[in-house]
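A quick write-up on the structure given underneath.
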Amino acid sequence: MKPSIPKGTRDFSPVEMNRRNYIFDTIKKVFQKYGYQQIETPSMENLETLTGKYGDEGDKLLFKILNSGPVVDQINKSETDIKLNEISEKGLRYDLTVPFARYVVMHQHEITFPFKRYQIQPVWRADRPQKGRYREFYQCDVDVIGSDSLLNEVELIQIIDEVFTRLGMEVTIKINNRKLLAGLCEVIGEMDKFTDIVTAIDKFDKVGSNGVKQELYDKGINKQSIEKVLEFIKISKFDIIVIKGLKELMKDSEIGLKGVEELETLFIDYLVPLKLFPKTILDGTLARGLNYYTGAIIEVKANNVSMGSICGGGRYDDLTGIFGLPNVSGVGISFGADRIYDVLNELGKFPDFKNDSTQLLFVNFGKEEETFCLNLVSKVRAEGINSELYPDHTKLKKQFAYADDKKIPFVAVIGEEEMKTNTVTLKDMASGEQFKNLTIDEVIKRFK
RNA sequence: GUAGAUGUAGCUCAGUUGGUUAGAGCAUUAGAUUGUGGUUCUAAGGGUCGUGGGUUCGAGCCCCAUCAUUUACCCCA
């Protein structure tokens with residue numbers, strides 16, 4: 001048979017793993033610097049934990065896991081209606097936030113709040129793969145749960161800024177607030193069409209104001225309301241001075257005013273003094289699909305590349321409430337490691353990784369030399385030098401080619417002559433230089 | 001779920017209005033060099049042209065179906 005892997009999944013070869021680890025390590029270091037602690041949760045969750053948290057589209061994209069047992073065995077023969085929960089009661093996690101909320105509720109008695117955690121694990125979505133979209137991909141989540149303070153939002157933005165600075169990427173950070181969007185819907189008296197309106201507004205960057213107009217019209221929004229929505233879009237993009245205008249627009253909506261107030265505090269009190277303002281912009285058209293966001297929403301896009309968002313998140317006031325722990329607010333963001341990889345790759349921004357695998361290869365001449373070398377390899381390894389002995393006694397040409405291919409910088413040649421004198425001939429692969437009559441200790445010294 | 005594009009060697013791709021035995025580069029293996037890689041030279045292996053059907057004297061090329069991959073929409077990291 002021809003081997004293959006499922007659609008939207010990938011193998012990662014050594015070169016790719018070097019690069020991926022560079023991204024993970026960078027992100028991890030920053031997370032730890034701000035005091036976040038790592039957790040992991042299982043790949044699969046109970047289906048009831050996952051369903052209903054991501055909107056209708058999200059539910060469709062859940063990977064479900066078939067039960068094992070007699071019911072499933074019978075499916076082939078049976079023609080009766082089978083209920084989903086009889087054949088599947090587990091699913092692969094769709095993101096890391098919902099499992100985290102579940103974790104917090106289950107472990108509430110051992111957690112000290114506010115709890116700052118990070119989590120780097122794969123998630124799965126039964127989506128159609130395309131550019132920057134995979135069915136299995138890694139998210140790097142940081143969340144603070146159990147604190148309402150806007151300082152948490154600020155900290156997340158600082159983390160975003162630091163991560164992408166370290167990775168050498170130019171990005172645009174956009175902020176909005178769900179309360180503002182809720183306020184808008186309240187003001188125009190279309191609260192029940194919240195999702196429709198918000199998804200229409202979200203498309204502004206793509207389709208422009210005429211496109212938004214059309215979509216709102218198609219959804220049955222009246223003309224007057226549409227004008228108000230467009231006015232909102234106009235004043236809520238790009239500039240901080242519009243706060244006044246937003247207040248005026250939201251004056252009849254308590255939740256809307258709360259949203260404006262939060263954004264005002266965030267920008268005026270924190271982001272501007274921290275010089276994070278022009279980097280971070282207010283964008284009233286930012287919506288984000290996930291259902292559970294209630295306050296700030298954040299999205300990061302890479303500049304100069306066509307790629308969806310590479311980082312996103314927001315505040316969720318009642319995600320733990322679903323699992324029985326109300327009144328615990330959390331805020332968090334998620335870095336999309338695979339998309340960051342694609343962007344860095346496209347821009348050629350990966351640094352050269354110096355080879356930290358094998359430093360020294362012992363050539364294998366034959367039975368006697370093998371045994372002789374085995375001791376030397378152990379000795380070298382005991383000194384913390386990564387080294388290996390070529391496993392077969394093939395032609396030297398092949399062994400040197402192996403070293404070359406694997407970018408091993410030094411080769412130790414120990415044949416009859418060297419065994420007699422108990423010395424090593426060391427070849428520097430980069431220069432081609434050879435050093436004869438070295439003792440093994442002298443060889444070790446060269447690596448220190 | 002909707003729409004388009006593409007399937008030829010391990011990889012990237014040529015292949016003329018349909019015409020004999022389907023090519024190149026890279027990669028692989030072997031040799032030039034029996035204790036020496038990266039450069040160079042020589043040679044070799046590797047293909048039911050995605051699959052099935054049709055048109056034709058003749059199909060990698062045209063038609064239909066099907067599968068796979070991929071891009072866009074929707075939604076998202």
Side-chain angles (χ1 to χ4, degrees), chain A residues 2-10 13 23 27 54-62 93-97 120-141 160 171 195-196 198-200 202-203 206-207 211 215 286-291 293 297-302 306-314 332-343 361 363-366 369 390 393-419 425-434 436:
Chain A
K2 235 187 191 162
S4 66
I5 54 174
K7 202 189 282 205
T9 65
R10 293 139 312 146
S13 296
I23 294 170
I27 289 173
Y54 308 108
D56 294 342
E57 284 296 323
D59 281 354
K60 276 185 222 156
L61 300 181
L62 280 175
R93 62 168 170 255
Y94 180 90
D95 72 354
L96 300 178
T97 310
I120 299 175
Q121 288 190 275
V123 302
W124 293 269
R125 294 181 190 178
D127 212 344
R128 288 250 176 132
Q130 51 186 271
K131 191 183 179 192
R133 174 174 303 190
Y134 306 100
R135 295 182 125 182
E136 177 183 62
F137 61 97
Y138 274 72
Q139 291 195 326
C140 313
D141 271 43
I160 291 170
V171 298
T195 311
D196 284 343
V198 158
T199 45
D202 191 40
K203 285 180 196 147
K206 226 171 217 171
V207 298
E215 175 144 355
L286 176 63
R288 300 189 55 75
L290 296 179
N291 271 354
Y293 293 125
I297 40 185
I298 305 169
E299 185 168 279
V300 184
K301 292 196 81 172
S306 98
M307 174 68 70
S309 60
I310 53 175
C311 179
I333 47 168
S334 179
F335 290 82
D338 304 80
R339 285 187 175 176
I340 292 172
Y341 182 103
D342 290 343
V343 170
L361 174 77
V363 162
N364 186 330
F365 272 99
E369 290 89 343
Y390 195 85
H393 33 264
T394 52
K395 276 180 250 173
L396 283 202
K397 181 186 168 78
K398 198 171 175 185
Q399 302 194 34
F400 273 88
Y402 173 82
D404 188 58
D405 194 53
K406 216 172 158 182
K407 306 216 167 8
I408 300 173
F410 292 95
V411 175
V413 184
I414 298 158
E416 222 177 312
E417 290 172 38
E418 288 86 354
M419 284 210 328
T425 296
L426 187 71
K427 175 157 180 165
D428 179 337
M429 292 296 281
S431 66
E433 252 182 306
Q434 248 174 209
K436 292 201 157 201

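A, B, ... follow the sequence lines: proteins, then strands. Residue 1 opens every chain.
- Looking only at atom types and distance, the side chain of A/Glu418 has a donor-acceptor partner in the side chain of A/Thr425 under 3.5 Å away.
- The same atom, C1', is picked in B/rA9 and in B/rC49; the two are 10 Å apart, to the nearest Å.
- Here the C1' atom of nucleotide B/rU34 and the CD atom of A/Glu417 are 14 Å apart, to the nearest Å.
- Taking 4.5 Å as the limit, every side-chain heavy atom of A/Phe137 sits out of range of all side-chain heavy atoms of A/Arg339.
- A distance of about 23 Å separates the P atoms of B/rU40 and B/rG45, rounded to the whole Å.
- The base of B/rG35 sits within donor-acceptor range of the side chain of A/Glu418, with an N or O pair under 3.5 Å.
- Within the 4.0 angstrom heavy-atom criterion, no nucleotide atom of any strand lies near A/Ala337.
- Here the closest non-hydrogen pair linking A/Val343 and A/Ala302 is CG1-CB, 3.8 Å.
- Among the nucleotides B/rG37, B/rC73, B/rA77, the one closest to any side-chain atom of A/Lys397 is B/rG37.
- Contact annotation: side chain of A/Asp404 to base of B/rG38, donor-acceptor pair absent below 3.5 Å.
- Annotation: of the two residues near RNA chain B, A/Ile310 and A/Ile5, the 5′-most nearest-nucleotide partner is A/Ile5.
- As judged by a 4.0 angstrom heavy-atom cut-off over every strand, A/Tyr402 is placed among residues making no nucleic acid contact.
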Output the pairing pattern of RNA chain B as a dot-bracket string, 5' first, Watson-Crick or G-U wobble with both distances under 3.5 Å, | for cross-strand pairs, [ ] for crossing pairs. (((((((..((((.....[...)))).(((((.......))))).....(((((..]....))))))))))))....
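- Between A/Gln139 and B/rA77 there is no side-chain polar atom (N or O) within less than 4.0 angstrom of OP1 or OP2.
- Using a 4.0 Å cut-off, some side-chain N or O of A/Lys206 falls inside it from OP1 or OP2 of B/rC74.
- With B/rG37, B/rU70, B/rC74 as the candidates, the nucleotide lying closest to the side chain of A/Ala401 is B/rG37.
- Contact annotation: the side chain of A/Ser334 never approaches that of A/Asp95 to less than 4.5 Å [non-hydrogen atoms, C-beta and beyond].
- Note: NZ (A/Lys131) to P (B/rU6) measures 20 Å, nearest angstrom.
- Residues A/Glu215 and A/Ala200 come closest through the heavy atom pair CG-CB, 3.7 Å.
- Rounded to an integer number of Å, the gap from A/Met429 CE to B/rG38 C1' is 7 Å.
- Minimum interatomic distance between A/Ile414 and A/Phe365 (heavy atoms only, all atoms of both residues): O-CD1, 3.1 Å.
- Separating the CD atom of A/Gln130 from the P atom of B/rA3 is a distance of 16 Å, rounded to the nearest angstrom.
- Taking atom C1' in both B/rU48 and B/rA22, one finds a spacing of 13 Å when rounded to whole Å.
- A/Cys140 comes within contact range of no nucleotide atom at all, as no heavy-atom separation falls under 4.0 Å.
- For B/rU71, its base never sits under 3.5 Å from the side chain of A/Arg128 at any donor and acceptor pair.
- Atom-to-atom, CE of A/Met419 to C1' of B/rG35 comes out at 14 Å; the value is rounded to the nearest Å.
- Distance, A/Asn364 CG to B/rG35 C1': 13 Å, rounded to whole Å.
- Note: NZ (A/Lys398) to C1' (B/rG31) measures 15 Å, nearest angstrom.
- At the heavy-atom level, A/Gly132 lies under 4.0 Å from base atoms of the strands shown.
- OP1 or OP2 of B/rC75 has at least one side-chain nitrogen or oxygen of A/Lys203 nearer than 4.0 Å.
- Using P as the reference atom, B/rC26 and B/rG35 are 30 Å apart when rounded to the nearest Å.
- Comparing the same atom, C1', in B/rU17 and in B/rG60 gives a spacing of 16 Å after rounding to whole Å.
- For B/rU36, the base has no donor-acceptor partner in the side chain of A/Gln399 [N/O atoms by modelled type, under 3.5 angstrom].
- Residue A/Lys7 is classed as a sugar-phosphate contact, given heavy-atom separations below 4.0 Å to backbone atoms only.
- The CZ atom of A/Arg135 lies 13.0 Å from the CZ atom of A/Arg125; values are rounded to the nearest 0.5 Å.
- For the C1' atoms, the distance from B/rA72 to B/rU29 is 44 Å, rounded to whole Å.
- Remark: the separation of the P atoms in B/rG31 and B/rU6 is 44 Å, to the nearest Å.
- When every heavy atom of A/Met419 is checked against every heavy atom of A/Glu369, the shortest pair comes out as SD-CA, 3.8 Å.
- Distance from the side chain of A/Arg133 is smallest for B/rC75 among the nucleotides B/rA30, B/rG35, B/rC75.
- In the set B/rU70, B/rA77, B/rG35, B/rA77 carries the atom at the smallest distance from any side-chain atom of A/Ser309.
- Look at the C1' atom in both B/rC61 and B/rG23: the space between them is 15 Å, to the nearest Å.
- Whole-Å rounding puts the A/Ile414 CD1 to B/rU36 P distance at 17 Å.
- Between B/rG35, B/rA77, B/rU36, one nucleotide has an atom nearer to the side chain of A/Arg339 than all others, and that is B/rA77.
- For A/Lys395, the side-chain atoms get nearest to B/rA30 when compared with the rest of B/rU70, B/rA77, B/rA30.
- When all heavy atoms of A/Asp428 and A/Ala430 are compared, the pair lying nearest together is OD1-N, 2.9 Å.
- Once rounded to the nearest 0.5 Å, the distance linking CD of A/Gln434 with CE of A/Met429 reads 10.0 Å.
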